[in-house]
K.L.:
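Can you read through this structure? Questions will come right after.
Both ligands and their constituent atoms are indexed starting at 1 by order of listing. These values consider heavy atoms only, across backbone and side chains, with no hydrogens, waters or symmetry-generated copies. Please read these numbers as outputs of a predicted model, since none were measured by experiment.
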Amino acid sequence: MTHADFLMPTALYFGEDCLEKGATLLGAAGTHALLVTGKSSARLSGALDDVTALLSRLNVKFTIFDGVTENPPLLTCHEAGKLAAEVGADFVIGIGGGSALDAAKAVAAFAANPTISPKEIYDAEKRKNSTLPIFAVPTTAGTGSEVNNYSVLTLEGGKQKKTFKAADSWPRAAFVNPRYTASMPHATAISTALDAFAHALESYLSPKSTVFSEHAALYAATLLYDVLSAAPAALDDSDREHLSLAATAAGMAISVTGTGFPHPMGYSLTLLDGLPHGRACALFAGDYIRYNERSAQGALRIKEFCQKIGTRPRVLAALLEGLADAEFSFTEAEIATRVELIAGAGNYQNSPYVLSKSEIYDIYRAHFLKK
Ligand code: NAP
Ligand code: ZN
């Protein structure tokens, strides 16, 4: 089947009154919701209080599962899915950063198929029942998970990520209120903005981009570059609004194209070395720019992208690498462990320049090899 140039089955509500505007959709989804959150962000952001107040007004019962940890483990989602089935939840609301939202998508699939094993979520034949309706309330401005059907899960053992993506895993509605991002620590806000920038850049260069994804990517990148290049010590309301708009637009862009090689290359550093996802992607942004400049198409696209957002490739690479602010020192064996975990990802095909495995090693060595 040919992919649509743009598909957006999620009803998007933006701004202070986003929950009010989408209340009818929530009320129509059923009588019992499972709320999927991390330990504290849903509460700290004020989003959980707003959602539960609205559900109570709509006479919708709810059960809270607050056991989602960063880089959500597949096994946690399996556990929460069984809980959803046990309590008879009709729908799932993810409230939090990308970890809670991605988890909510997997939880909704397990809730509808409570007898499948964790790994069977990746097998469309085993997921006999379509997923429960999913709603998303982001408290970070980064992943864009609220407007796409990706659920990035950490496999058992904690060393590898694998994306679950099903045709019915799109949120039915996304409620984006920039206020919910105000409680993020500044470092998290910058890292999540770097993730959104990575989405915009990698989507723009993807051979799968369409005129619609390109415009979403450029809109996002322009807003993000404006905030990131000013390097504010603290964000104000206007910055937060711009970052939320940008993250959502970049999420739409990658819903068409997927992401490029900085994503898998960062996963090992996130899971094995604790580097937050956005900074891990930014660490490889300079490599992404320089390698893509080796192909005629890549060089052209990078030049266009930079001109349109008002920068130059070298300046952009230095800004992103600087904001990644990550230094590691690894032996050859430690590099091999990390590269072998991420070398099989499909993302390497998703840019004008396709990295070889030996180039992945070269990049890792150039950054990290112990002198
Ligand atoms: P996150 O892992 O959801 O959250 C990072 C940390 O920030 C957590 O400690 C979280 O607390 C805290 N936090 C979040 N919002 C907060 C707030 N408003 N106030 C205070 N603390 C807050 O971060 P993320 O960068 O948004 O998500 C990263 C995950 O998304 C990764 O697993 C990544 O692979 C995935 N991802 C998905 C997509 C996609 O398209 N679906 C795209 C890119 C990345 P709690 O633990 O209490 O929640
Ligand atoms: Zn990302």
K.L.:
Geometry only, no angles: is Ser99 polar-contacting ligand 1 at N/O separations under 3.5 Å?
P.N.:
yes

K.L.:
Considering both backbone and side-chain atoms of His199, is one of its nitrogen or oxygen atoms within less than 3.5 Å of a nitrogen or oxygen in ligand 1?
P.N.:
no

K.L.:
Any N or O on Tyr180 sitting closer than 3.5 Å to an N or O of ligand 1?
P.N.:
yes

K.L.:
Any N or O on His263 sitting closer than 3.5 Å to an N or O of ligand 1?
P.N.:
no

K.L.:
Please list the nearest protein heavy atom to atom 13 (N) of ligand 1 with its residue and the distance rounded to 0.1 Å.
P.N.:
Ser41 CB, 3.5 Å

K.L.:
Answer yes or no on whether Arg338 is positioned over the face of Tyr364, meaning its NZ or CZ is under 6.0 Å from the six-membered ring centre and within 45° of the axis.
P.N.:
no

K.L.:
In this structure, which one of Arg290, Arg279, Arg314 forms a salt bridge (Lys or Arg N to Asp or Glu O under 4.0 Å) with Glu321?
P.N.:
Arg290

K.L.:
For atom 41 (N) of ligand 1, what is the closest protein heavy atom, and at what distance to 0.1 Å?
P.N.:
Asp102 OD1, 2.9 Å

K.L.:
Under 4.0 Å from a heavy atom of Val152: give me the atoms of ligand 1 that qualify, with their elements.
P.N.:
34 (O), 37 (C)

K.L.:
So does Cys281 have any N/O/S atom less than 2.8 Å away from the Zn ion (ligand 2)?
P.N.:
no

K.L.:
We want to know whether Asn177 and Glu16 form a side-chain donor-acceptor pair, criterion being a heavy-atom distance below 3.5 angstrom.
P.N.:
yes

K.L.:
Are any of the N or O atoms of Ser45 closer than 3.5 Å to those of ligand 1?
P.N.:
no

K.L.:
So what does the Asp195 OD1 - the Zn ion (ligand 2) - His199 NE2 angle come to, to 10°?
P.N.:
80°

K.L.:
To check your reading of the site, what angle at the Zn ion (ligand 2) do NE2 of His263 and NE2 of His277 form, to 10°?
P.N.:
100°

K.L.:
Can you tell me which residue among Tyr361, Phe330, Phe284 is in a ring pair (Phe, Tyr, Trp, His ring centres under 6.0 Å) with His367?
P.N.:
Phe284

K.L.:
Out of Glu70, Lys105, Arg43, indicate the one that has the non-hydrogen atom closest to atom 8 (C) of ligand 1.
P.N.:
Glu70

K.L.:
Cation-pi check, Lys161 to Tyr267: give yes when NZ or CZ is under 6.0 Å from the six-membered ring centre and within 45° of the ring axis, no otherwise.
P.N.:
yes

K.L.:
Report yes if Asp195 has an N/O atom closer than 3.5 Å to an N/O atom of ligand 1; otherwise report no.
P.N.:
no

K.L.:
If you measure every N or O of Gly98 against every N or O of ligand 1, does any of those distances drop under 3.5 Å?
P.N.:
yes

K.L.:
Below the 3.5 angstrom mark, is there an N/O of Ser183, backbone or side chain, next to an N/O of ligand 1?
P.N.:
yes

